[in-house]
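Written out below as structure tokens is the structure these notes cover.
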Amino acid sequence: MNKKRVYLFGNGDAEGKADMRDLLGGKGANLAEMNLIGLPVPPGFTITTEVCTEYNQLGKNAVIELIKLEVEESIKKIEEATSTKFGDRDNPCLVSVRSGARVSMPGMMDTVLNLGLNDEAVVGIAKKSGNERFAWDSYRRFVQMYSDVVLGMKSNFKSEIGPFEKIIEEVKKIRGVELDTELTLTDLKELVVKFKIAVKKQTGRDFPNSPWEQLWGAICAVFDSWMNERAILYRQMYRIPEEWGTAVNVQAMVFGNMGRTSATGVAFTRDAATGEDIFNGEYLINAQGEDVVAGIRTPQQITIEGSKRWAIQQGVSEEERKVRYPSLEESMPECAKDLIAIQQKLENYFKDMQDLEFTIQDGKLWLLQTRNGKRTGTAMVKIAIDMLKQGIIDEKTVLLRQEPEKLDELLHPVFKRSALASVMPITKGLPASPGAATGKIVFHAEEAEEFVAKGEKVILCRIETSPEDLRGMAVAEGIVTARGGMTSHAAVVARGMGKCCVSAANDLQIDYKSKKMVIGGRVLLKEGDWISLNGSTGLVYAGKIETQEAELNDDFSEIMRLADKYARLEVRANADTPHDAMIARKFGAQGIGLCRTEHMFFEGDKIIAMREMILAKDENGRRYALAKLLPLQRADFIGIFEVMEGLPVTVRLLDPPLHEFVPHDEIGQKEMAQVMGISYEEIHNRVESLLEQNPMLGLRGCRLGNLYPEITEMQTRAILEAALDLKAKGIETYPEIMVPLTGILYEFLAQRKIIDDTAKVIFEERKDKIDYKVGTMIEIPRAALTAHRIATSAEFFSFGTNDLTQMTFGYSRDDVAKFLPMYLEKGILKDDPFAVLDQKGVGQLVELATKRGREVKKELKCGICGEHGGEPRSVKFYEKVGLNYVSCSPFRVPIARLAASQAAIGQNK
Ligand code: PEP
Ligand code: MG
């Protein structure tokens with residue numbers, strides 16, 4: 001039997017249904033279902049998404065051959081249902097042709113209305129409807145839309161006014177009118193003639209008069225639109241596979257532009273911005289669909305309540321509202337009553353907030369579309385919790401309906417919607433740390449502090465950041481860097497601080513000396529100018545854009561409570577300060593999975609003592625400086641352990657290469673020479689000797705602790721003494737000491753020995769002891785491959801997927817942004833592997849190491865603390881491989897908790 005490629009619907013019957021959205025697209029599947037539940041839907045048919053794939057493989061002519069018979073048969077069915085005839089001059093059948101992919105891609109693909117009209121049919125329609133103006137209005141709309149969409153007349157530039165708009169404007173100017181609705185019948189006829197002349201002039205072809213030629217042109221244009229630039233970009237942004245294809249929906253026309261008893265509109269069963277349970281929407285009398293979105297006329301509200309609210313916002317008096325902008329409830333009460341009943345029925349049926357399109361033709365209501373409505377993060381949370389309370393959905397559905405990334409909107413400031421309407425981005429980088437920020441440009445950390453001290457808000461703009469910029473980053477509203485990837489210093493630190501960051505904005509050319517930057521060779525901005533960042537999208541804007549603070553509410557807490565009820569994976573946080581730890585705890589972290597001790601050395605006196613230690617000539621010198629650092633580190637740990645009372649805290653020993661801590665400028669080196677009482681040259685030479693060609697693969701991690709065991713000794717002492725001090729005060733702590741960058745069992749054994757020996761000494765000194773664990777990062781492929789050896793001694797593994805990704809791919813974390821955007825654009829990589837775990841490669845190492853480790857130590861605790869820890873798609877993978885916990889930046893904790901619950905529900909299905 002031949003494969004079925006076309007599905008009919010109409011008159012309360014349908015060949016498709018709602019759960020066939022993969023084949024029929026969202027629109028087609030729901031049009032079918034609306035028929036089945038008895039709603040008024042104009043009859044039509046859907047050409048399947050599979051045909052789109054065939055179209056791209058076999059080409060236009062072959063596909064027309066494949067579906068010709070089915071389409072012709074289906075048009076006959078529409079003719080029967082509407083008692084009209086396609087191509088007839090007296091009683092023509094007119095149709096709409098619309099795209100409809102599996103998921104909605106608003107505005108991405110094209111629509112043609114009123115298809116079937118030509119010079120003869122327009123006369124027939126005029127006679128039949130008794131409304132000549134309506135007939136010619138529909139005809140001029142059709143010629144314009146068809147030429148734009150099918151004949152390629154639409155300008156590629158949104159801002160550019162197209163040839164048809166120009167003609168309309170000219171005619172309006174000559175007639176001295178403002179609105180389309182004020183054009184006379186003669187004007188509309190003139191428009192059609194002028195439009196057709198423009199088509200001939202631009203395309204060299206006559207506008208097609210044959211309805212069949214029109215229909216095939218429109219069907220193919222919809223398939224072509226799947227591969228247009230806008231659609232491709234949209235798919236990339238929302239990760240929609242190209243193979244999905246779009247369906248084509250051909251449907252009998254109903255007209256909202258037949259006069260004062262006709263209208264068209266869109267409506268939402270709940271408020272898509274706030275989530276409130278109020279039916280709302282907009283409509284226009286005597287109009288067709290595109291008028292509502294085109295903004296040519298002011299749409300009116302559907303309900304009286306909404307209309308009154310709108311009038312107050314717009315400063316429109318009640319009298320004026322009633323006369324000029326009445327609600328549908330007031331202007332067409334019967335239709336409004338039907339619509340309100342239908343929206344309720346649709347929401348109850350689909351059990352989610354619906355976004356619907358309707359048309360009223362001569363007093364009769366028709367539904368043209370229903371789909372689950374897009375909504376803000378706030379609305380997503382509120383609608384789900386309300387629906388749970390209303391008994392519409394269950395707890396698991398509540399959780400599965402939450403888009404983890406959207407929760408971000410509730411945790412960070414966002415731009416005010418109204419403020420965004422009037423600005424254009426000037427460049428785009430990586431969305432390194434979410435949220436919105438606006439402030440004055442500064443290029444140096446010190447200036448950031450100076451500006452902020454004067455009460456200014458700043459954005460720190462750097463080529464890249466280093467630990468020296470920490471204080472500037474801490475006071476800035478946001479950070480933008482020209483280089484670096486998703487795991488660059490700026491990205492990692494900003495996420496930890498919950499601060500907005502855009503990294504790798506390659507277009508930025510920053511000149512630190514003149515304190516200016518050029519963007520894409522065009523825009524010039526200097527210190528003190530305003531700039532705004534969206535760290536959730538990576539977009540950068542010139543100027544000030546107002547932001548609004550995030551607010552957490554009871555609905556959010558309820559979502560989190562449910563998430564914890566269903567999640568199996570624990571969620572910990574990466575936090576290096578008591579302040580970050582506090583935020584992590586507030587967001588529900590069940591411990592700290594990574595405390596990067598190096599971040600602690602940049603505050604106050606610590607950096608001087610640290611530099612002294614690094615620049616010391618010998619072990620004695622180092623020990624002298626380390627003795628100064630010990631009480632400071634111990635105090636740091638006391639602060640963190642206290643906040644995390646009763647929960648585990650994984651402290652990682654010093655990791656980065658030493659040259660990151662020393663001053664590279666003359667002033668800084670001279671300062672150190674004075675502190676240490678040695679010559680500037682000596683300091684200078686020592687700094688030079690620390691430089692490496694490839695620091696990411698150089699003297700860092702446990703290599704440091706093995707070369708300079710006294711560093712490990714001091715850090716162990718600081719950790720355990722802090723824990724003992726708190727124990728004395730009755731505060732429970734669970735320290736876990738973590739060795740970084742282990743690649744060889746013996747590296748770990750050597751570190752473990754120093755830690756255990758130091759612990760023994762301390763316990764003897766203090767006549768007291770404390771339980772502690774010693775484990776390691778698994779972030780070198782060799783460590784993953786030899787996990788069964790390392791696990792003989794390590795008590796836990798924590799996957800450092802930043803380094804593991806770097807070393808598995810061979811992409812330097814510092815330089816990857818130079819080629820990654822191109823790789824993503826060309827489709828060589830589907831995702832940035834530093835943001836989304838590469839399950840096929842890096843993931844294999846994670847899975848293998850967990851399995852091998854547990855073969856020798858069944859109770860081995862395994863977690864992940866790389867930047868992939870809180871990434872929702874990756875969390876599903878951690879659930880599958882059976883990790884014990886994920887650890888992520890404090891602000892990501894709620895997202896990870898939600899993702900963990902979704903992963904657990906998905907796994908147990
Ligand atoms: C890692 O490599 O994944 C990690 C967490 O360590 P860092 O980013 O500090 O190198
Ligand atoms: Mg690492």
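Numbers here are sequence positions counted from 1. Whatever order the structure lists ligands and atoms in, that order sets their numbers, starting from 1. Below, all heavy atoms of this structure are taken into account, side chains as well, without hydrogens, waters or symmetry copies.
The aromatic ring centroids of Tyr878 and Tyr885 lie 6.0 Å or more from each other.
In this structure, His444 NE2 and Cys461 SG are separated by 11.0 Å, a value rounded to the nearest 0.5 Å. The CG atom of Asp636 sits 9.5 Å away from the OG1 atom of Thr597 when rounded to the nearest 0.5 Å.
Donor-acceptor pairing under 3.5 Å is lacking for the side chains of Thr716 and Thr758. Looking at Glu825 and Tyr823, their side chains never bring a donor and an acceptor atom within 3.5 Å of each other.
Excluding waters, the count of protein N/O/S atoms less than 2.8 Å from the Mg ion (ligand 2) comes to 2.
The shortest side-chain heavy-atom distance between Met777 and Phe797 does not fall under the 4.5 Å cut-off. Put simply, the side chain of Gln715 reaches to within 4.5 Å of the side chain of Gln633, judged on heavy atoms.
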Dump the pairs for me: ligand 1 N or O, protein N or O, distance under 3.5 Å, to 0.1 Å.
residue: ligand 1; atom: 2 (O); partner: Glu779; partner atom: OE1; Å: 2.9
residue: ligand 1; atom: 2 (O); partner: Asp803; partner atom: N; Å: 3.0
residue: ligand 1; atom: 2 (O); partner: Asp803; partner atom: OD2; Å: 3.0
residue: ligand 1; atom: 3 (O); partner: Gly800; partner atom: O; Å: 3.3
residue: ligand 1; atom: 3 (O); partner: Thr801; partner atom: N; Å: 3.0
residue: ligand 1; atom: 3 (O); partner: Asn802; partner atom: N; Å: 2.7
residue: ligand 1; atom: 3 (O); partner: Asn802; partner atom: ND2; Å: 3.3
residue: ligand 1; atom: 6 (O); partner: Arg652; partner atom: NH1; Å: 2.9
residue: ligand 1; atom: 8 (O); partner: Arg596; partner atom: NH2; Å: 2.8
residue: ligand 1; atom: 8 (O); partner: Asn802; partner atom: ND2; Å: 2.9
residue: ligand 1; atom: 8 (O); partner: Arg813; partner atom: NH2; Å: 2.9
residue: ligand 1; atom: 9 (O); partner: Arg596; partner atom: NE; Å: 2.8
residue: ligand 1; atom: 9 (O); partner: Arg596; partner atom: NH2; Å: 3.3
residue: ligand 1; atom: 9 (O); partner: Arg652; partner atom: NH1; Å: 3.1
residue: ligand 1; atom: 9 (O); partner: Arg652; partner atom: NH2; Å: 2.9
residue: ligand 1; atom: 10 (O); partner: Asp803; partner atom: OD2; Å: 3.0
residue: ligand 1; atom: 10 (O); partner: Arg813; partner atom: NH1; Å: 2.9

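Around atom CD of Glu855, more than 12 heavy atoms belonging to other residues, nucleotides or ligands sit under 6.0 Å away.
Within the 3.5 Å criterion, the main-chain N or O of Lys840 finds a donor-acceptor partner in the side chain of Gln844.
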